[in-house]
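This report concerns only the one structure given below.
Owing to the predicted nature of the structure, the values given are computational and were not obtained by experimental measurement. Note that the numbering runs from 1 along the sequence shown for the chain.
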Amino acid sequence: MSVSMKDLDPAFRGSGQKDGLEIWRIEDFKPVPIPVSSYGKFFMGDSYIILKTTALKNGSLRHDIHYWIGKDTSQDEAGTAAILTVELDAALGGRAVQYREVQGNETEKFLSYFRPCIMPQPGGVVSGFKHVEVNNQDHDTRLYVCHGKHVVHVKEVPFARSSLNHDDIFILDTKSKIFQFNGSNSSIQERAKALEVVQYIKDTFHEGKCEIASVEDGRMMADAEAGEFWGFFGGFAPLPRRAPAEGNEKHEETASKLLCFDQGKLEPVNYESLAHELLETNKCYFLDCGAELYVWMGRTTSLQERKGASEAAEKLLSDSNRTKTHIIKVIEGFETVMFKSKFKEWPQTPDLKLSSEDGRGKVAALLKRQGLNVKGLMKAAPAKEETQSYIDCTGNLQVWRVNDKDKALLSSSDQSKFYTGDCYIFQYTYPGDDKEECLIGTWFGKKSVEEDRITAVSLASKMVESAKFQAVQARLYEGKEPIQFFVIFQSLLVFKGGLSSGYKKFIAENGIDDDSYSEEGLALFQIQGSGPENMQAIQVDPVASSLNSSYCYILHDGNTVFTWAGNLTSALDQELMERQLDVIKPNTQSRSQKEGSETDQFWSLLGGKSEYSSQKMVRELESDPHLFSCILSKGNLKVKEIHHFTQDDLMTEDVFVLDCHTSIFVWVGQQVDVKVRLQALDIGEKFVVLDFLMENLARETPIFTVTEGSEPPFFTRFFTWDSAKSLMHGNSYQRKLAIVKGGGAPALDKPRRRTPVYSGRSTTQDKSQRSRSMSFSPERVRVRGRSPAFTALAANFESSSNRNLSTPPPVVKKLYPKSLTPDSSNTSSKSSAIAALAGSSDRPTQTPTPESIKDGSESEKPKQEEDATDGASTMNNRVESLTINEDVKENEPEDDEGLPIYPYERLKTTAADPVTEIDVTRRETYLSLAEFKEKFGMTKEAFSKLPKWKQNRLKIALQLF
């Protein structure tokens, strides 16, 4: 379907080119853009069009279009919004999902754009009503009812006792105090979310100056706050037991009906089972599911046909008085997961991205001819493999092989040598923020037996339970390992065959030859990895077809050793091959072979020449994360997606799954029952099988289970994380109330250093036992074992070029609270750091020893002290050159807060050349005073006085959050 730009309303031109929200109000049947400062304000007499553009990791843009209809808007105006939505979608390439939003019955996705809630105001454009003046001198007492665990629907109800009930949560907004009344049947999560609305009302209508009170259903007049609350209703009286308020009623389950819209007429489609083949690409169809009415539009349908289908859908609901049914319009090839799930089967669409790119290219060409900037629409950054591990790689590793329903501890020299027929358990402890972090995982070889896998999971789960669930648990399969696994082991060898009794028994019973690796036999290894701290040697079949031009290989037959480098390999690949050669065949002479100039002996060992691939194997790429709340009931998993999630959505009473496609995280709150905690891994496995997003999740997808308060950086990186929130006392409601009502610092559990000592001996490696690939570079700035002066100096002079491969880059250093931020950097200047170093140079450096390994040999301490001293010496030698770099930085322009100034285009979250080493949560502070006023329409001082929620909305709209 094509659309002419001359037919497109000028207000829509250039829209949808960048990540963020765009909103238009319908005025005189035309879309009029509203200012960013008014986003979230809706008037009951108006209709609006909301475009949400999301920049995906694969480089494409996703569009969701909503048209919101106020309860007092005219039918003609609502119809105009529906038609203009179709036109806007056509201009964006015809792949957006369109939603009809009716006041009081909005979708959770829509409400997630305007957290914590929307509170439509009376009036509208037709009546000339423009703005509600907040006047505390003449404050009207209002009563609101709140629904929702994840997003909140807020509705004003009559200020009367008869409006109250036991099932809902009510907010009474008076002149000097805001009361939250919690119905006895309401959930803790709903109460916590309603408190966000209380805070919103306080900030919006009381300028942040009023008291807050909570009242529990059934609390008598003896309670002062309860007495005051009931006083507004003429005194306490029991509430009748009755059904929930009208706004909370649910749709009954109805059988889906399929209707065909063709040439202006609706005809029912008869079918035995709802199949994809029923949908013809040149027609439009209605799928009526009761609570939702889906309008499916074939790719070859015209714009007029789509407009007609949209009008017919509105009429269908109007004629049957179905005011609460959502209309969701989808285009062929870009259907939502929920729509596809209604069908018995849905075919895969491998060419989906191609058609998306083609659509954007056509739209970009049209916009360019209009003289508009199409940079954001035309350029799509290619997806890249995640190379950042977000885990410290200087910790302590222990590995066990599963054998005969038990586990056997491996020596430090063998703990990086795995067999594909075996299962392993590993425990990795590493320094975190004021405590020791722990990761306990299982690794299943491709040919391991089911009995060993069950034993491995059982033993690992017991280790996690012994640690009071404070350790992260991982379930990994060979060939699907995440980068965290590789950087922990650093140099990993995977051999053919197996050593466990379970594997030996299996091959004997099935008459399979034992091909377990032998140092004296014939073996071929493929070398892969990204650096000395992430490299693997995988044993493959010793035949020519196993070769690949994109990799290096090691071939040996006893002491006859060859190395082979493909023509497409890099110098780094060949360096890794040499490093792995030192591990596989140390002190043995090897003969180098280049692709195309191999010797006859080389080919003879491989059984002769044959064809082989040159295509480099590409690991699956991480997709945009999705968060789901999960309930496991009678063996069935029920999931619900949380749109535009934040850390606050992780309720301590619930279980959530974070789906990144390449990994699955199961987050378990502290208030979750122990029986459910023990099922966390089962929940992850059931989620993988369910494949809610229909993304072809492999059964071998890595699963991590994470307990609240013990979240690792490779989980928290998906959020704007505040570790203090996960350490608070009480349930979700009590925590939120402590913040909202008290306004002070929350009560925290004091961080404590964990001592996860499990069965088996500690095998802390001595420095001499570590392989070359696991040793530290002398140029690397050490993190552990620093004196206070050394820490201060390193914080001022660390260079990003000397970071360990697994250490986060400056742009994400907030994940490591020990790193300085722009807020704290000015408290420790360069000169004071040097002075501190000079004043402490005669004192020995003390190295803290993790409690989990204190039981080990005391001889380890001098080695750690030596390491720290060496690190300090290295840093001291580099002070002069780094000081020069710091002086250069000091010449950069600064604002009135002493921060460097950067242009807006480099501070945006979607910047092509982003600024590094800034506090990414305060991007706006790096704007100049003039540019800040230009973008925000106010001074920095005026902005700082706005409520936090309002600041965040403005920052999101300007792509600064």
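- Residues meeting the side chain to side chain contact (heavy atoms under 4.5 Å, CB included) test with Pro625, sequence neighbours left out: Phe645, Leu658, Cys660, Phe718.
- Contacts of Tyr144 classified as side chain to side chain donor-acceptor pair (under 3.5 Å), with partners at least two apart in sequence or in another chain: none.
- Residues Asp173 and His206 have side chains that bring a donor and an acceptor to within less than 3.5 angstrom of each other.
- Under the side chain to side chain donor-acceptor pair (under 3.5 Å) criterion, His643 pairs with no residue, sequence neighbours left out.
- At a cut-off of 3.5 Å, with distance as the only test, a side-chain donor of Thr107 or Glu101 sits close to an acceptor on the other residue.
- A side-chain N or O of His644 and one of Ser112 form a donor-acceptor pair less than 3.5 Å apart.
- With respect to Asp913 and Arg906, a salt bridge is recorded, a charged nitrogen being found less than 4.0 Å from a carboxylate O.
- Residues satisfying the salt bridge (charged side-chain N to carboxylate O under 4.0 Å, His left out) test with Arg142, not counting sequence neighbours, are Asp140, Glu156.
- Among all heavy-atom pairs drawn from Val152 and Leu111, the shortest one is O-CD1, 3.8 Å.
- The only member of Leu88, Ile328, Val86 that meets side-chain contact (heavy atoms from CB on, under 4.5 Å) when paired with Gln98 is Val86.
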For this session: Begin from the C-alpha positions of Ile901 and Leu927 and carry the test side chain to side chain contact (heavy atoms under 4.5 Å, CB included) through to its verdict.
Result: CA-CA 6 Å; Ile901 297 299; Leu927 289 170; over 6 Å; no

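- Under the 4.0 Å criterion applied to side-chain N and carboxylate O atoms, Glu22 and Lys52 are not assigned as salt-bridge partners.
- Contact between Ala96 and Asp89 at its shortest, heavy atoms only, is N-OD1, 2.8 Å.
- Applying the side chain to side chain contact (heavy atoms under 4.5 Å, CB included) test to Asp76 and every residue at least two apart in sequence or in another chain returns Phe29, Ser74.
- Tyr48 and Phe42 have perpendicular rings, their planes meeting at more than 60° on a 0 to 90° scale where under 30° would count as parallel.
- Aromatic ring orientation, Tyr902 versus Tyr926: tilted (interplanar angle from 30° to 60°).
- Exactly one residue among His150, Arg735, Arg115, Lys725 makes a side chain to side chain donor-acceptor pair (under 3.5 Å) with Asp648. That residue is Lys725.
- Glu211 is linked by a salt bridge (charged side-chain N to carboxylate O under 4.0 Å, His left out) to Lys177, counting only residues two or more places apart in sequence or in another chain.
- Scored by the side chain to side chain contact (heavy atoms under 4.5 Å, CB included) test, Lys30 finds Asp9 as partners (sequence neighbours excluded).
- Ring-plane geometry between Phe932 and Phe936 is classed as parallel, the angle between the planes falling under 30 degrees on a 0 to 90 degree scale with a further cut at 60.
- Looking at residues two or more places apart in sequence or on another chain, you find no salt bridge (charged side-chain N to carboxylate O under 4.0 Å, His left out) involving Asp19.
- For Lys908, the salt bridge (charged side-chain N to carboxylate O under 4.0 Å, His left out) partners at least two apart in sequence or on another chain are Glu905.
- Note on Asp624 versus Arg62: no salt bridge recorded, every NZ/NE/NH1/NH2 to OD/OE distance being 4.0 Å or above.
- Looking at Glu622 and Arg717, a side-chain N of the basic residue comes within less than 4.0 Å of a carboxylate O on the acidic one, giving a salt bridge.
- For the pair Leu92 and Leu51, the tightest heavy-atom approach, listed with the atom from each and the gap, is CD1-CD1, 3.9 Å.
- A cation-pi geometry, defined here as NZ or CZ lying under 6.0 Å from the six-membered ring centre and within 45° of its normal, does not hold between Lys329 and Tyr99.
- When all heavy atoms are compared, the tightest approach of Phe43 to Gly123 is CB-O, 3.3 Å.
- For the side chain to side chain donor-acceptor pair (under 3.5 Å) test, residues two or more places apart in sequence or in another chain that qualify with Lys193 are Glu196, Asp649.
- For the residue pair Ser60 and Asn58, a side-chain donor N or O sits within less than 3.5 Å of a side-chain acceptor on the partner.
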For this session: With side chain to side chain contact (heavy atoms under 4.5 Å, CB included) as the test, would you mind laying out the steps for Leu899 and Ile918 before giving the verdict?
Result: CA-CA 10 Å; Leu899 296 175; Ile918 64 171; over 6 Å; no

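- For NZ of Lys955, the number of neighbouring non-hydrogen atoms (other residues, nucleotides, ligands) closer than 6.0 Å is greater than 12.
- Under the 3.5 Å distance criterion, the side-chain polar atoms of Thr204 are left unmatched by any main-chain donor or acceptor of Ile201.
- Listed by chain and residue number, nothing satisfies the side chain to side chain donor-acceptor pair (under 3.5 Å) test with Glu924 (two or more places apart in sequence, or in another chain).
- Partners of Gln103 according to the side chain to side chain contact (heavy atoms under 4.5 Å, CB included) rule, which considers only residues two or more places apart in sequence or in another chain, are Met44, Trp68, Lys71, Glu106, Pro120.
- Closest non-hydrogen pair, Leu958 versus Tyr904, comes out as O-OH, 2.8 Å.
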